[in-house]
Amino acid sequence: MARVRYGARTDAEAAAARARSARLPEIWSTGVVAVWETDPDVVAAVLPPPLKPTARPLVRANISRVDLPGYPLGAGSVAVAAAHGDREGWYPLVMPMTHERALTGGREVFGEPKKLGEVTVERDGLVVRAALARHGIAFVEVRGAVSGPLPLPEPVEKTDFYFKFLPGVEGSGFDADPVLVHCVRNEKVRKLERVTGDVVLRESMYDPVADLPVRRLVEITIGEKTTDQKGTVAERVSARALLPYVHQRYDDPQQILDGPPEGSV
């Protein structure tokens, strides 16, 4: 009988797939990062417990072109500074990706708030433009000109916080208690330049980052970096406390209740 591709994989095939993943080379990206201070009460309002605001109400937009061999990827995020206990990091609100493959692992394994979108990173001489767009709206745009090189930072460990959950089959709540994930990334930078410019936030009902206004621009940089990542479950969290924030993950929270028309399966 010919192989049935939906059939179970053998142990050898599963082991070979794991071995291929373990041999992945360093993957470098070219990205624009903008950091600004916003209103403290806004940052506090978007953080689900047990996350807390940090001393500075920072927002970070990261807009990158990832040099995957034969599979170039646009990847971005908009995140706010957050703390879990004594660990500080970032809580991403939206993470546009240009390919579905980049969404799957991040959403299903780590609980990342990834969505399909458009990611632009352009450089013409010293002029730089980077943008994140969905539904025809460039809701974040960074514009400017390179104003000089920056010293290369030492390799650094950075933490992102995610909530991993499954909406309840019966139409409300979750199937199990959600978990708070610490995603730790080891980052190396091989090129870094300062950009003098500005950040434009446009109104979007789907990606309302315009609610995080730029009160003081901290920095804009463009650089080349590579990262690896490892996730751990930090703790199980209160379903009741997280439910009011679930809409952050979806364009329309009601879509999690959408099913196939009656009689179609």
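Along the sequence shown, residues carry numbers from 1. All values derive from a computational prediction rather than experimental measurement.
Not one N or O on the side chain of S77 forms a donor-acceptor pair closer than 3.5 Å with the backbone of M95. Proximity of a side-chain donor or acceptor of E108 to a complementary backbone N or O of G105 within less than 3.5 Å is not detected.
Applying the side chain to side chain donor-acceptor pair (under 3.5 Å) rule to T232 yields no partners; only residues at least two apart in sequence or on another chain are considered. Partners of D228 according to the side-chain contact (heavy atoms from CB on, under 4.5 Å) rule, which considers only residues two or more places apart in sequence or in another chain, are N186.
When the shell of 6.0 Å around CD of E100 is examined, it contains 12 or fewer heavy atoms from other residues, nucleotides or ligands. Within a 6.0 Å sphere centred on CG of D41, other residues, nucleotides and ligands contribute more than 12 heavy atoms. Within 6.0 Å of NZ in K115 there are more than 12 heavy atoms belonging to other residues, nucleotides or ligands. Surrounding CZ of R202 are more than 12 heavy atoms belonging to other residues, nucleotides or ligands, all under 6.0 Å away.
The pair D251-R134 meets the salt-bridge criterion, since a charged nitrogen lies less than 4.0 angstrom from a carboxylate oxygen.
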Step by step, work out the side chain to side chain contact (heavy atoms under 4.5 Å, CB included) result for E235 and H84. CA-CA 10 Å; E235 66 172 279; H84 178 222; 2.6 Å; yes
Apply side chain to side chain contact (heavy atoms under 4.5 Å, CB included) to L51 and F163, showing your working. CA-CA 10 Å; L51 298 182; F163 290 93; 3.8 Å; yes
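Remark: R216 is not positioned above the aromatic ring of W36, lacking an NZ or CZ atom under 6.0 angstrom from the ring centre and at most 45 degrees off the axis.
A distance of 11.5 Å separates CZ in R236 from CG in L180, rounded to the nearest 0.5 Å.
Taking the six-membered ring for Trp and the full ring otherwise, F174 and F165 have centroids separated by under 6.0 Å.
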